[in-house]
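One structure is given below, encoded as structure tokens.
In what follows, chains are A, B, ... by sequence order, proteins preceding strands, each numbered from 1.
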Number of protein chains: 4
Amino acid sequence: MNQSIAKGVRNRAARGAPRTQTALRGALLALLEEQSLERITVREITARAGVGYATFFRRYPDKDALLHDLAASEIGNLLTMTLPIFHATDTVASTRVLCAYVWEHRALWKALLTGGAAAVLKDEYLRLALNELERHRNPDSWLPGDLAVTFSVTSTLEILAWWLKQGDPPSAQHMAEVLERLTVRPILARDAGTR
Amino acid sequence: MNQSIAKGVRNRAARGAPRTQTALRGALLALLEEQSLERITVREITARAGVGYATFFRRYPDKDALLHDLAASEIGNLLTMTLPIFHATDTVASTRVLCAYVWEHRALWKALLTGGAAAVLKDEYLRLALNELERHRNPDSWLPGDLAVTFSVTSTLEILAWWLKQGDPPSAQHMAEVLERLTVRPILARDAGTR
Amino acid sequence: MNQSIAKGVRNRAARGAPRTQTALRGALLALLEEQSLERITVREITARAGVGYATFFRRYPDKDALLHDLAASEIGNLLTMTLPIFHATDTVASTRVLCAYVWEHRALWKALLTGGAAAVLKDEYLRLALNELERHRNPDSWLPGDLAVTFSVTSTLEILAWWLKQGDPPSAQHMAEVLERLTVRPILARDAGTR
Amino acid sequence: MNQSIAKGVRNRAARGAPRTQTALRGALLALLEEQSLERITVREITARAGVGYATFFRRYPDKDALLHDLAASEIGNLLTMTLPIFHATDTVASTRVLCAYVWEHRALWKALLTGGAAAVLKDEYLRLALNELERHRNPDSWLPGDLAVTFSVTSTLEILAWWLKQGDPPSAQHMAEVLERLTVRPILARDAGTR
DNA sequence: CTCTAATCGAGACGGTACGTCGCGTCTTACG
DNA sequence: CGTAAGACGCGACGTACCGTCTCGATTAGAG
């Protein structure tokens with residue numbers, strides 16, 4: 001049968017099987033666009049990924065683990081891109097980069113931020129950002145560092161989620177401004193005085 | 001004639017809270033202080049409430065429904081207390097009231113905001129706040145009303161959650177200031193100009 | 001205490017409403033024509049009877065109790081009518097009376113014998129018939145009395161059930177003959193000899 | 001035949017009895033010896049079988065389905081053994097074989113016939129026997145074929161049940177005679193005439 | 001005719017079993 | 001070997017019905 005031929009063709013991309021991993025991530029992403037995370041079953045993921053059910057558990061201990069994996073890698077990108085915000089070098093430029101990046105991959109981020117994975121995303125983002133905070137202490141702020149991080153991370157994600165949910169979304173440029181004014185500037189504002 | 005009287009009184013419209021409902025809410029709250037929502041089973045709730053398992057489903061279709069109920073009523077309190085924020089009459093005073101209230105019931109709010117129920121709380125808060133927004137449109141803002149609401153609601157909750165999680169929490173007075181600076185003032189800031 | 005007084009009054013407490021009893025029996029019968037006994041719920045019975053749910057349990061401890069009650073009374077009629085069979089006075093006449101009676105109330109008996117109540121009917125019939133056997137021992141038979149009774153009762157009921165299930169049922173006259181040949185004559189046959 | 005060729009046979013056609021099925025049947029049988037069918041819960045069956053609760057429903061849709069399965073297979077044996085009765089070749093020999101077989105497995109049959117499974121057994125027996133009737137029509141009888149089958153099947157089962165219930169049961173030989181006289185001969189009797 | 005007490009309707013409730021669903025483990029055959 | 005296929009133990013879910021209970025409303029008999 002053709003299959004025997006196909007066997008020859010079959011290269012060992014599977015070696016260490018990144019194919020499986022990729023397929024699973026892709027499947028999860030695809031499903032996240034349709035329904036909330038907790039309504040997605042492992043069977044659906046593996047079916048969509050064209051992968052055996054048990055194979056899932058060889059790669060990940062858990063459904064959440066896959067999501068965390070997905071989240072960590074994507075958030076990683078995002079974070080390196082926006083680190084300058086924390087360094088206060090050029091906040092406006094950083095938010096612009098952030099928005100441009102998100103806009104470019106809006107399908108992905110819409111799934112991640114509005115699909116029921118948001119909580120995990122937030123956790124992962126927070127984890128990484130707090131990590132970063134450890135390394136670059138900036139003690140002379142009017143608010144505790146971890147509160148600042150928590151605030152800016154969560155509100156950033158919420159604002160992005162709002163953005164991607166809109167039927168007629170504002171421009172990335174505009175959102176960058178909004179982000180900067182809502183999540184960055186309040187933290188940096190030095191004088192707590194009158195507005 | 002008696003019929004009309006009797007019927008009005010009798011119908012189970014009022015069917016308020018014949019102990020079961022109260023017991024269930026209390027039990028859920030108690031459990032939320034110990035573990036995350038999704039780890040809590042309906043059986044645990046009913047056992048803790050001293051109520052039959054099936055009875056749960058006579059009141060609520062769902063575990064989430066109970067939580068929503070709980071959230072709605074508590075959030076209702078909170079919202080009426082903080083409505084002046086939206087009316088921009090006296091934002092600082094409002095945040096103070098808010099913080100004082102939360103502090104007074106910090107056991108309750110800690111459970112609600114840090115226990116895994118946060119997502120539902122947020123939804124409920126958002127729902128009510130957006131409702132309120134419908135009734136008091138304030139179109140001359142530099143950002144869309146629903147975005148403003150989303151931002152302030154979610155960041156308020158996150159900040160409160162952070163607060164209640166601290167081993168050595170700042171004073172309500174202080175948190176009120178923080179809240180005002182992070183979640184209220186940025187929205188009200190009229191000039192979008194440079195800082 | 002008041003109890004002693006109450007007790008005096010209490011005497012004919014239960015005898016209040018034979019209407020309830022009648023209604024329940026009727027409702028059960030009606031439902032038996034539609035579905036099997038175990039699929040009938042007490043709620044259905046009471047609803048059909050136009051009687052409060054709890055009222056059922058004031059009359060009967062059980063769903064089965066109602067059925068037994070129904071069965072016992074109907075079977076009672078049937079049995080008195082067919083006793084002569086056991087006395088062997090005139091078996092053919094007895095079976096004819098039996099069939100005529102069943103035919104006359106065929107709606108009732110169809111429900112009882114083909115509706116899922118058959119098992120209870122059989123038990124009740126057996127109980128009464130074995131009772132009767134106790135009183136009129138006839139030891140000089142080629143088979144044990146209780147086996148004879150069991151055989152004739154159960155096969156009689158089965159044959160009647162078959163009869164009432166037919167789309168185009170044979171005449172009562174004919175069925176009486178069948179009954180006599182299948183359930184009575186084999187028992188009475190004196191000589192066990194060859195045919 | 002094709003079957004010899006393939007593992008195709010092995011496929012999932014044979015899906016048959018990977019221990020679970022066997023275990024479940026055995027457990028049900030064991031329980032039937034102790035209590036009536038409707039008092040037996042699926043949990044008991046699975047516990048006794050050493051099988052997961054949900055697994056039960058992967059094999060059978062229902063508690064009754066398991067019983068039907070059990071019944072069908074056992075009745076199948078019985079029926080093939082007694083088919084000659086219907087062919088009227090040698091009725092006495094057939095009943096003897098029947099009784100011997102039942103006696104040999106009297107523990108099994110006692111459970112099946114006196115334990116509350118009798119109704120299902122009867123249904124299954126009837127179904128198979130009526131099937132058989134379809135294939136070997138014998139129209140020149142004084143009674144309708146299905147009535148004859150119904151009568152002999154049900155009374156056979158009742159008589160066997162009586163037998164197995166006795167503290168001091170008669171011999172198989174004797175019961176075969178009884179069976180023959182009560183359930184077979186009346187049907188075959190040619191002349192409907194006087195006795 | 002009124003007062004009192006029993007009864008009834010309505011239905012909430014505790015409880016038991018059901019049948020379903022999804023997880024994560026494990027086995028088996030295959031390429 | 002690793003993978004596809006899928007059976008299995010487990011445990012929570014939500015449903016259905018039972019039999020008990022409480023609560024007003026109704027009604028009948030005693031005064």
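When the side-chain nitrogen and oxygen atoms of C:T55 are compared with OP1 and OP2 of E:dT7, none of them lie within a distance under 4.0 Å. The side chain of A:R59 contributes an N or O atom lying less than 4.0 Å from OP1 or OP2 of F:dT3.
In this structure, C:F57 atom CZ and E:dA10 atom P are separated by 16 Å, rounded to whole Å. Between the CG atom of A:L66 and the P atom of E:dG22 there is a distance of 18 Å, given to the nearest Å. When the P atom of E:dC23 is taken as reference, atom CG of A:L67 falls 14 Å away, rounded to whole Å. Between the CG atom of D:D62 and the P atom of E:dC18 there is a distance of 10 Å, rounded to whole Å. Per the geometry, NZ belonging to A:K63 stands 15 Å off P belonging to E:dC21, to the nearest Å. As a whole-Å value, the separation of D:F56 CZ from F:dG9 P is 13 Å. Distance, C:E38 CD to E:dC18 P: 13 Å, rounded to whole Å. The CG-P distance, from A:L31 to E:dG22, rounds to 13 Å in whole Å.
Looking at residues 39-54 of chain B, you'll see B:T41, B:V42, B:R43, B:Y53, B:A54 sit with a heavy atom under 4.0 Å from some atom of DNA chain F.
Rounded to 10 degrees, the angle separating the terminal axes of the helix from E:dC1-F:dG31 to E:dG31-F:dC1 is 10°, with each axis obtained from five end pairs.
Judged as a salt bridge (charged side-chain N to carboxylate O under 4.0 Å, His left out), and not counting sequence neighbours, the contacts of D:R127 are D:E124. For B:D123, there are no salt bridge (charged side-chain N to carboxylate O under 4.0 Å, His left out) partners at least two apart in sequence or on another chain. For D:R58, the side chain to side chain donor-acceptor pair (under 3.5 Å) partners two or more places apart in sequence, or in a different chain, are D:T55.
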Verify side-chain contact (heavy atoms from CB on, under 4.5 Å) between B:L32 and B:T114, making sure each step is shown before the conclusion. CA-CA 9 Å; B:L32 277 176; B:T114 71; over 6 Å; no
Test log, rule side-chain contact (heavy atoms from CB on, under 4.5 Å), inputs B:R43 and B:F56: CA-CA 9 Å; B:R43 281 214 139 80; B:F56 181 93; over 6 Å; no
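Side-chain contact between A:L37 and A:L28 is present, with heavy atoms from C-beta onward closer than 4.5 Å. Residues D:L112 and D:L70 form a side-chain contact, since some pair of their non-hydrogen atoms from C-beta on lies under 4.5 Å apart.
Between the base of E:dG14 and the side chain of B:R58 there is a donor-acceptor pair shorter than 3.5 Å.
The stretch residues 27-36 of chain A participates, sequence neighbours left out, in these side-chain hydrogen bond (donor to acceptor under 3.5 Å, both in side chains) pairs: A:E34-A:R48, A:Q35-A:E44.
Aromatic ring pairs are classed by plane angle as parallel below 30°, tilted from 30° to 60° and perpendicular above 60°; the pair A:Y53 and A:F57 is perpendicular.
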